[in-house]
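A short worksheet on the structure shown next.
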Amino acid sequence: MKRRVLTSFILILLLLVPSFSTAKDAVDAAYAQTTANYTNHKDCIRQYKLPVQKLYFLALSAITSNKYEIKEMQSRNGYVIFEADGREFLLTAMKKDKSYSYLRLTPCDNNYYFSPSIPQKIFRYVDVNFNEEVKELKF
């Protein structure tokens, strides 16, 4: 009787060991998918041949069109704080000279482990609408 119980225990143990290893692999794969990629800070700044005010309005439009939530904005200094993927970002339009300006994206917590698609979407929108005219809306 003891022999039979011991044999069945060993058999069950041998059947369960491979399932534990596949479960661990599944957990590792899920962890790898949920962790964000590192975005290089050099990919979060771009220079444009635009006046700073027009670049600021294009940046606002890019945030709105990507359905990110604007938390705070200052048009005088060219700052916009918005939320994307559960994190807050600071988008800044900075003046270099009369015809050149910079657009810089910075995470508010200074942690660059986020999806690189966030700055790509914003810069792509500005690149596409580069020549569009900024119009004043009257209500």
Side-chain angles (χ1 to χ4, degrees):
M1 181 70 175
K2 277 186 169 181
R3 189 172 197 75
R4 225 180 221 181
V5 170
L6 185 60
T7 307
S8 63
F9 178 74
I10 290 174
L11 182 63
I12 291 172
L13 188 63
L14 288 175
L15 292 174
L16 290 179
V17 168
S19 67
F20 285 134
S21 65
T22 56
K24 184 180 182 293
D25 293 339
V27 168
D28 289 341
Y31 178 75
Q33 288 176 350
T34 58
T35 57
N37 297 331
Y38 180 76
T39 303
N40 193 347
H41 66 89
K42 293 178 183 177
D43 297 332
C44 294
I45 189 166
R46 191 168 294 175
Q47 181 179 358
Y48 291 97
K49 189 173 182 178
L50 287 172
V52 69
Q53 282 295 61
K54 183 174 181 179
L55 185 62
Y56 175 74
F57 291 130
L58 283 172
L60 278 176
S61 182
I63 292 169
T64 305
S65 71
N66 286 311
K67 296 183 174 69
Y68 299 142
E69 182 183 353
I70 296 176
K71 296 289 189 176
E72 182 180 333
M73 57 190 233
Q74 289 184 354
S75 61
R76 184 177 195 128
N77 295 324
Y79 297 119
V80 180
I81 296 176
F82 67 96
E83 186 174 344
D85 295 340
R87 298 190 52 197
E88 289 186 351
F89 295 93
L90 174 67
L91 190 65
T92 311
M94 301 174 293
K95 182 178 181 178
K96 180 179 178 185
D97 56 22
K98 285 184 178 181
S99 57
Y100 287 96
S101 54
Y102 290 102
L103 190 62
R104 181 179 66 187
L105 181 76
T106 309
C108 286
D109 60 356
N110 207 22
N111 184 358
Y112 281 85
Y113 282 99
F114 61 88
S115 174
S117 67
I118 296 171
Q120 288 171 357
K121 287 178 182 178
I122 292 172
F123 294 144
R124 186 178 310 127
Y125 182 88
V126 174
D127 291 340
V128 168
N129 297 304
F130 185 81
N131 292 324
E132 294 294 321
E133 184 179 333
V134 177
K135 297 178 185 176
E136 183 180 343
L137 296 176
K138 295 184 180 183
F139 295 100

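Atom set for the values below is all heavy atoms of this structure, side chains included, hydrogens, waters and symmetry mates excluded.
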Work out which heavy atom in [X] is nearest to a heavy atom in [Y]; give both atom names and the distance.
X: Ile122; Y: Leu105; result: CD1-CD1, 4.4 Å
X: Arg87; Y: Asn111; result: NH2-O, 2.6 Å
X: Ala84; Y: Ile118; result: CB-CD1, 4.1 Å
X: Ile45; Y: Phe123; result: N-CZ, 4.0 Å
X: Val52; Y: Lys95; result: CG2-N, 3.9 Å
X: Phe82; Y: Leu91; result: CE2-CB, 3.9 Å

How long is the gap from [atom1] on [X] to [atom2] on [Y], to the nearest 0.5 Å?
X: Tyr56; Y: Arg76; atom1: OH; atom2: CZ; answer: 13.0 Å
X: Gln53; Y: Ser101; atom1: CD; atom2: OG; answer: 10.0 Å
X: Glu83; Y: Glu69; atom1: CD; atom2: CD; answer: 5.5 Å

Beyond-backbone contact of Phe57 with Glu132, side-chain heavy atoms, under 4.5 angstrom:
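The answer is no, as the side chains (C-beta and beyond) never meet within the 4.5 Å cut-off.
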
Any donor-acceptor N/O pair, [X] side chain to [Y] backbone, under 3.5 Å:
X: Ser115; Y: Ser117; answer: yes
X: Asp97; Y: Tyr100; answer: yes
X: Lys96; Y: Lys49; answer: no
X: Thr39; Y: Phe114; answer: yes

For residues [X] and [Y]: do they belong to one hydrophobic cluster (side chain heavy atoms under 4.5 Å, members Ile, Leu, Val, Met, Phe, Trp, Tyr)?
X: Leu90; Y: Met94; answer: no
X: Leu60; Y: Val128; answer: no
X: Leu103; Y: Phe130; answer: yes
X: Tyr102; Y: Leu50; answer: no

Centres of the Tyr68 and Phe89 rings: under 6.0 Å?
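Ring-ring flag for Tyr68/Phe89: false, centres at least 6.0 Å apart.
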
Counting only heavy atoms from other residues, nucleotides and ligands, does the tally under 6.0 Å from OH of Tyr112 exceed 12?
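Atom OH in Tyr112 is packed in, count exceeds 12.
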
Do Tyr125 and Ser61 pass the side-chain hydrogen bond (donor to acceptor under 3.5 Å, both in side chains) test, and can you show the C-alpha distance, the side-chain angles, and the key distance before you say yes or no?
CA-CA 8 Å; Tyr125 182 88; Ser61 182; 2.6 Å; yes

